[in-house]
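Order of appearance sets the numbers: ligands from 1, and atoms from 1 within every ligand. Excluded from the calculations below are hydrogen atoms, water molecules and symmetry mates; all remaining heavy atoms, backbone and side chain alike, are included.
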Amino acid sequence: MTASHAVHARSLADPEGFWAEQAARIDWETPFGQVLDNSRAPFTRWFVGGRTNLCHNAVDRHLAARASQPALHWVSTETDQARTFTYAELHDEVSRMAAILQGLDVQKGDRVLIYMPMIPEAAFAMLACARIGAIHSVVFGGFASVSLAARIEDARPRVVVSADAGSRAGKVVPYKPLLDEAIRLSSHQPGKVLLVDRQLAQMPRTEGRDEDYAAWRERVAGVQVPCVWLESSEPSYVLYTSGTTGKPKGVQRDTGGYAVALATSMEYIFCGKPGDTMFTASDIGWVVGHSYIVYGPLLAGMATLMYEGTPIRPDGGILWRLVEQYKVNLMFSAPTAIRVLKKQDPAWLTRYDLSSLRLLFLAGEPLDEPTARWIQDGLGKPVVDNYWQTESGWPILAIQRGIEALPPKLGSPGVPAYGYDLKIVDENTGAECPPGQKGVVAIDGPLPPGCMSTVWGDDDRFVRTYWQAVPNRLCYSTFDWGVRDADGYVFILGRTDDVINVAGHRLGTREIEESLSSNAAVAEVAVVGVQDALKGQVAMAFCIARDPARTATAEARLALEGELMKTVEQQLGAVARPARVFFVNALPKTRSGKLLRRAMQAVAEGRDPGDLTTIEDPGALEQLQAALKG
Ligand code: PRX
């Protein structure tokens, strides 16, 4: 048995012993009385009775040993700015933000919605919420008003923290009008909106509701805000993600389990040491940003580099220039970013001094072999694929190099991480599949610390969605297909549900369909994810127009396609905009009226549509084919 198998086996055979040891990585104000309580499965509780605080562990705890060490580097190639905050400075900023939130009447358990570009104040706001026991809900800045409104309505925040604008590839993206529109659409009204003015865009204020961050920050200078100690299972945050229905799910995370899980992963998976610098090129709006821009590196006493910008501006060497400049030791990105770089001059990979860099982690979507080889050979550094989800909060599959550098297998993110009792199961019977047979990637409970504790405000949905998806077996479904080989390496083969993955961004096809349907020109629509060489997948829409005249000529179709794309862009954001909208007279359905999405996806990818015995009207698929060709 290899070392990582031994650690994995022990974590499952003796979860209480294993996780009790890991729990020593963080400070507890009150020690826990019980490591694991699974008596109300699947509502697992870790470190029962223990009281701790994420902000204390990420910031205050390090003041004794590393007050003057950098904690947060921020670089924006959008605004040509850079700032570094030591742990002492980070503590001061977070304390001020916490004082401001308290001044705006935020109490323990209240939600604070953070709709922010990649600026330090976003991290301050997250940590400040953790400090005072408020529950943050960060909404990706690339989402627009309808997406944002759905999240405001569900999270019911007391305060929203936002900014005048973000910037993407040199183009200013005003946030405030989108936020105002979202609040207008929402039945829930936040009491206050705290605004960071970057002076990038005009920012009309709503009297009595909108507050200025800079003015408040001056006012609260020097105010000490103690950490509010939370029972381990009390929520730290809610992060919305897409699923099968149009309504996003609020993934709720606990406090103590998350802190322990991240601290453990920083060593066992990411090989991080206190004083290291980690550069996670993601966004705080996604789980990778929560875990490995903000909380993970800080819990481990590292410096984190937060980057506002793209991988190719001002040039294709920017990421590596940052590695050299900030002596980055660990880097984390997504395969799409590497595929983007692959189109640039390969000389960028060798132009800078990358001697500080030890490992490059990639996650969020399948890592194809050519991309893995290209970056690994180009950098001469190990590339570590890792597979996980918003729901898990930290890697489920990885080569756990902090335990042992098992040989990687291209195309596989590796073996199950300690704590995960991962099974490949038959979708119809729930029985475990033998090696080599494709099935659903599932996890037998209890889930390890750090994983979602429930769906925010909807325990039933948590059980129904995740724990009753596989028949005859109470297990957590990842909604991914997978296969295990004889050595225990798992290969991920795509989603079992209607979630698509565009450039590492997780999107629900139902949300896009609902948005398209809101346009009066649309009678019926289906959206599927279609393979794309650069983005992994793109959304493609097949649409039946209400008025045939609007699709009668090529010009008319082009105009309507543009209009529909705009609808999605305005409602959900540019990330969700379909790559193409095709017009048809019928959609392929079963005789009971269910859309044949998999057949549509196959046809759109030029593959065989497979079993069509249940199809109502075979002509509909032919039409689809014709539309794609035209
Ligand atoms: O389908 C899997 C894919 O991304 C989904 C989770 O996306 P999200 O909730 O945004 O969390 C991303 C955290 C890294 C998964 O269900 N996925 C993620 N990582 C990989 C992957 N597919 C293949 N290989 C991966 N390494």
Side-chain angles (χ1 to χ4, degrees), residues 138-140 142-143 237-244 248-253 261-262 265 269-270 280-293 295-296 332-339 360-369 371-372 375 383-400 408-417 420 422 438 440-443 450-452 455 465-466 469 476-483 489-509 511 529 531 535-537 575-576:
V138 184
V139 177
F140 176 53
F143 284 138
Y237 67 74
V238 174
L239 177 56
Y240 287 88
T241 192
S242 304
T244 297
K249 294 180 287 242
V251 168
Q252 179 177 321
R253 192 95 60 211
L262 289 185
S265 74
I269 298 172
F270 294 94
T280 298
S282 177
D283 190 284
I284 47 144
W286 306 109
V287 70
V288 174
H290 282 63
S291 292
Y292 297 108
I293 296 175
Y295 290 113
F332 193 161
S333 185
T336 293
I338 308 302
R339 288 193 293 265
L360 170 64
F361 295 87
L362 296 174
E365 51 176 324
L367 174 60
D368 57 283
E369 290 193 27
T371 302
I375 192 67
V383 169
V384 187
D385 186 2
N386 56 113
Y387 158 86
W388 46 294
Q389 312 182 299
T390 306
E391 290 86 344
S392 71
W394 58 282
I396 298 171
L397 292 173
I399 300 293
Q400 298 138 62
K409 292 193 189 191
L410 283 177
S412 164
V415 297
Y420 290 100
L422 187 139
K438 173 178 167 178
V440 177
V441 180
I443 301 162
C451 293
M452 77 185 293
V455 171
T465 303
Y466 293 103
Y476 167 88
S477 174
T478 62
F479 295 97
D480 281 302
W481 297 111
V483 63
Y489 287 66
V490 178
F491 294 75
I492 299 295
L493 307 169
R495 294 282 300 196
T496 66
D497 60 3
D498 301 324
V499 166
I500 60 172
N501 198 318
V502 180
H505 301 322
R506 175 167 161 183
L507 302 169
T509 52
E511 290 161 76
Q531 238 172 44
K535 298 182 173 179
Q537 276 187 313
V575 281

Original post:
Does a side chain donor of either Tyr387 or Ser412 reach within less than 3.5 Å of an acceptor in the other side chain?
Top reply: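 On atom types as modelled, these side chains do not qualify, holding no pair under 3.5 Å.
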
Subject >> Distance-only polar pair, side chains of Gln389 and Thr478, donor-acceptor under 3.5 Å >> reply: no

Subject >> Option among Lys535, Glu365, His505 that satisfies the side chain to side chain donor-acceptor pair (under 3.5 Å) test with Thr336 >> reply: Glu365

What do we get for [X] next to ligand 1 when only non-hydrogen atoms under 4.0 Å count, side chain, backbone, both or neither?
X      : value
Leu362 : neither
Val499 : neither
Glu365 : backbone

Which of the numbered atoms in ligand 1 are under 4.0 angstrom from any heavy atom belonging to [X]?
X      : result
Val287 : 11 (O), 13 (C)
Thr390 : 8 (P), 9 (O), 10 (O), 11 (O)
Asn501 : 3 (C), 4 (O)
Pro366 : 22 (N), 23 (C), 24 (N)
Gln389 : 6 (C), 9 (O), 11 (O), 16 (O)
Asp480 : 1 (O), 2 (C), 15 (C), 16 (O)
Ala363 : 14 (C)
Asn386 : 19 (N), 25 (C), 26 (N)

Original post:
Which class fits the ring pair Phe361 and Phe332: parallel under 30°, tilted 30 to 60°, perpendicular over 60°?
Top reply: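 Tilted: the ring planes of Phe361 and Phe332 meet at 30° to 60°.
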
**OP:** If the plane angle is over 60° it's perpendicular, under 30° parallel, otherwise tilted; pick one for Tyr237 and Tyr295.
**Re:** parallel

Can an N or O of [X] be found at a distance shorter than 3.5 Å from an N or O of ligand 1?
X      : value
Gly504 : no
Thr478 : no
Thr241 : no

**OP:** Answer yes when Glu391 and Arg506 have at least one side-chain N-carboxylate O distance shorter than 4.0 Å, and no when they do not.
**Re:** yes

Original post:
For Trp388, is the nearest heavy atom under 4.0 Å from an atom of ligand 1?
Top reply: yes

